[in-house]
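Chain letters run A, B, ... following the sequence lines, proteins first, then strands; residues in each count from 1.
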There are 2 protein chains.
Amino acid sequence: MGRTTIHDIAKELNTTAATVSRALNDHPSISAAMKEIVRKTAHQLNYQQNRIASSLRSGKTFVIGVVIPSADISFFGSVIHGIEMVAKTHGYNVILFQTNERYEDEVQGIQTLLQSNVDGIIASITKETSNFDHFLEVKRRGIPLILFDRATDELGVSTVVIDDYKGAFMATEHLLQQGYTRIAHIAGPSHIKIFHERLRGYVDALAAHHIKIDEDLITYGKVSIESGRTCTQQLLQLQKNRPDAIFAVEDFTALGAMEAIKESQWNRPGQIGLVGFANEAFSAYITPSLTTIDQQTALMGQEAAKLLMDQQQAEQHHEKSPQKIVLEPLLIQRQSSMRRQTKQKTAS
Amino acid sequence: MGRTTIHDIAKELNTTAATVSRALNDHPSISAAMKEIVRKTAHQLNYQQNRIASSLRSGKTFVIGVVIPSADISFFGSVIHGIEMVAKTHGYNVILFQTNERYEDEVQGIQTLLQSNVDGIIASITKETSNFDHFLEVKRRGIPLILFDRATDELGVSTVVIDDYKGAFMATEHLLQQGYTRIAHIAGPSHIKIFHERLRGYVDALAAHHIKIDEDLITYGKVSIESGRTCTQQLLQLQKNRPDAIFAVEDFTALGAMEAIKESQWNRPGQIGLVGFANEAFSAYITPSLTTIDQQTALMGQEAAKLLMDQQQAEQHHEKSPQKIVLEPLLIQRQSSMRRQTKQKTAS
DNA sequence: CTGAAAGCGCTTACAG
DNA sequence: CTGAAAGCGCTTACAG
């Protein structure tokens, strides 16, 4: 009864725990013969290292903490998928902590992770967070910290984000290339950075193609299906300069826009172009399927984890200066933006 | 430099680490006055317990391991959401391990979790797994194990599943109540338990309403959009007894069926009823919106975590006999099954 | 190449 | 009510 320890193996072989430990950890000063016999015996006795004991002594836990709003949001589910995949290949485990967008939970999460002596933390901050003391404590302890998506420059840590500006630029340019000329934008609240960036991308894409910005074609929504519908109804009521295409700030807004278009008199395929942003799970399956911008969510997690793994190495040597990784958005072309409705499948 | 330990607090107060430890853990034999001063000092010195050290000594880690195919699948994302929420309120952390449906990864995951001395494991087994030795090892060590969704009776552990039979029964009965009488079923591979249960629910619902089973109306698909489309095309070609409704084994199959229906001559609203299973993210947003069965995924995680928390208590006293929790499926009524197309919104 | 010894930071019987 | 001491299972400078 009771798990096999290195002492059991040592006793079996008439040697010491120190030697067994070194052998199992492939320490260079142990003879090949010794390593061999130790490993064999360990296997025979069904030995499994006690990582807790190892961690306490060595100061390394091989655990990283991930702090996200909710695993129930597909975006974050996909990111932690990427994180865990990379972490695993480097021998690290992942502790998951959800904040549910609450600042207090975030503070508590960081504290628990510090108590657990994690070797690093990857986080996406809550919408509520404006005080960063808990993250500063992480830095003060010398624990590598990576922020993704919801990042801030205030902390001077490495970040992984997607290029919202470029994504919006691509979306708008795609509509132009399809031959649309009066492209409207349903924006989100401008004080939120990602939405502001998407607005900028839209504006600059038009400018780059020498199209004058028409303020009437920019409307500010509340990032919801309902809001997308309402905004679109307004846009379609414009007397002159009615838009012939809409770039919506994200897919749910686009979905509402699509409904409004379908209910309008301009409901023929290709009549009003539409592009969303996010590549939500539903966007491939609605009718018409929605052209959108993919955010490479799993890649985002992988890159964040890779940054963290790099910093694990770097710790020994010298502090690395914070890195800023900006992922390329991907244009996913589907039916909703195609000017000429060619024969296509709904799903793609 | 260096974290505050209980020894630092003890020195500050001219007492011993033992007393500090007891005070912080609210041990009954410590005076209220002592507890008060210890807590104050701990706070002043910014003390945080080292959970690793605590775990090594006490044998309890307050960590549970969760083993799932992938966090990138919305079903599992939702379940781990539920698990983490409950675990947190009980002071437990969650280590996440993904198998990506590979048996070897599952074995390795269980091994890592055992090395980390987790206090319990919640898992959903891979499609590949047919050898359960790694799970038996968990049992042998006396570590509580809970299986959800992909469960097996072979291990004699507690499980949380959804009532697939009942969900299918409800789906079929709903179509009957809408006035459909020739209800077809696109089934999945029958050797997979959940699909077989859904087939049984369909058959029994018809029987309960004295409707004779027509073997021509039961077709076996491959659980994909394409398969749903093909199967539906076949069904609609039946000369006599053409179905007036279809119950699809899951939502992607239903999506393919919906496309086939729309492309057919029976494409008027309410002409052919359709119900899916799973309440996938897209199902509310396609046109028409898809009636389906919700699997209460977050609740599944919560129930699994609650079972595990119960067993943490029980361990001290006596082994609890394994429990089997069967969750109620929820019928989500949307447009695709409505006989009379009343005025409705697309999303609900 | 191997061993003896100390110690990571806690918890907890055993005394008093 | 508090203290002295042992020990959880490892790792790792220090000797030889």
ask   = Are B:His134 and B:Tyr103 an aromatic pair by the rule of ring centers under 6.0 Å?
value = yes

query = Judged by modelled atom types alone, do B:Asp72 and A:Ser78 share a side-chain donor-acceptor pair under 3.5 Å?
reply = yes

Rounded distance (Å) that lies between atom P of D:dT2 and atom NE2 of B:His27 = 11 Å

message = Can you tell me if A:Ser21 touches the phosphate of D:dT11, counting only side-chain N or O atoms and a distance under 4.0 Å to OP1 or OP2?
response = yes

inquiry  = Minimum heavy-atom separation for A:Arg3 and B:Leu114, please, with both atom names.
reply    = NH1-O, 3.4 Å

key: Sugar-phosphate only, base, or nothing, as touched by A:Ser29 at under 4.0 Å among non-hydrogen atoms   = base

inquiry  = Under 4.0 Å, counting only non-hydrogen atoms across every strand here, what does A:Ser55 touch: a base, just sugar-phosphate, or nothing?
reply    = nothing

task = Assess the side chains of B:Ser55 and B:Thr61: does a donor N or O sit below 3.5 Å from an acceptor N or O?
result = no

request  = For B:Arg51 and B:Asn93, test the side chains for any donor-to-acceptor distance below 3.5 angstrom and give the result as yes or no.
outcome  = yes

query = D:dC8 P sits how many Å from B:Asn50 CG, rounded?
reply = 18 Å

ask   = Once you round it to whole Å, what is the distance between P of D:dC10 and CG of A:Leu24?
value = 9 Å

Whole-Å gap separating C1' (C:dG3) and CG (A:Asn14) = 13 Å

ask   = So, B:Gln98 and A:Lys88: side-chain donor and acceptor under 3.5 Å apart, yes or no?
value = no

Closest-nucleotide 5' rank along DNA chain D - winner of B:Leu56 and B:Pro28 = B:Pro28

Nucleotide of D:dT11, D:dT2, C:dG3 approaching A:Ile6 most closely (side-chain heavy atoms) = D:dT11

query = Between the side chains of A:Asn117 and A:Arg141, is a donor N or O closer than 3.5 angstrom to an acceptor N or O?
reply = no

ask   = What is the distance from atom OG of B:Ser116 to atom CD1 of B:Ile64, rounded to the nearest 0.5 Å?
value = 13.5 Å

key: Any B:Thr16 side-chain N or O less than 4.0 Å from OP1/OP2 of D:dA4   = no

message = For DNA chain D, please output the secondary structure as dot-bracket, reading 5' to 3'. Pairs are Watson-Crick or G-U wobble, both atom distances under 3.5 Å; mark crossing pairs with [ ], other-strand partners with |, unpaired with a dot.
response = |||.||||||||.|||

query = Charged N to carboxylate O below 4.0 Å: is that the case for B:Lys40 and B:Glu12?
reply = no

Nucleotide D:dC10, atom P - distance to CZ of A:Arg51 in whole Å = 13 Å

request  = Indicate yes or no: does A:Asp133 engage A:Arg140 in a salt bridge with an N to O separation below 4.0 Å.
outcome  = no

Between the protein and nucleotides 13-16 of chain D, list every N/O to N/O distance that falls short of 3.5 Å.
| residue | atom | partner | partner atom | Å |
| --- | --- | --- | --- | --- |
| D:dA13 | N6 | A:Arg22 | NH2 | 2.2 |

request  = Would you jot down, in residue-number order, the residues of residues 31-47 of chain B having a non-hydrogen atom under 4.0 Å from DNA chain C?
outcome  = B:Tyr47

inquiry  = If we count only N and O atoms by modelled type, under 3.5 Å, do the side chains of B:Gln48 and B:Thr4 hold a donor and an acceptor together?
reply    = no

ask   = For A:Gln49 and B:Gln115, does a side-chain donor sit closer than 3.5 Å to a side-chain acceptor?
value = no

task = Starting from P on D:dT12, measure out to CG on A:Asp26 and report it in whole angstrom.
result = 14 Å

message = Looking at D:dT11, I'd like to know if its phosphate oxygens (OP1 or OP2) sit under 4.0 Å from a side-chain N or O belonging to A:Asn25.
response = yes

request  = Measure the distance from CD1 on B:Ile52 to C1' on D:dC10 and round it to the nearest whole Å.
outcome  = 13 Å

task = Provide, to the nearest angstrom, the distance between the CD1 atom belonging to B:Ile9 and the P atom belonging to C:dT11.
result = 11 Å

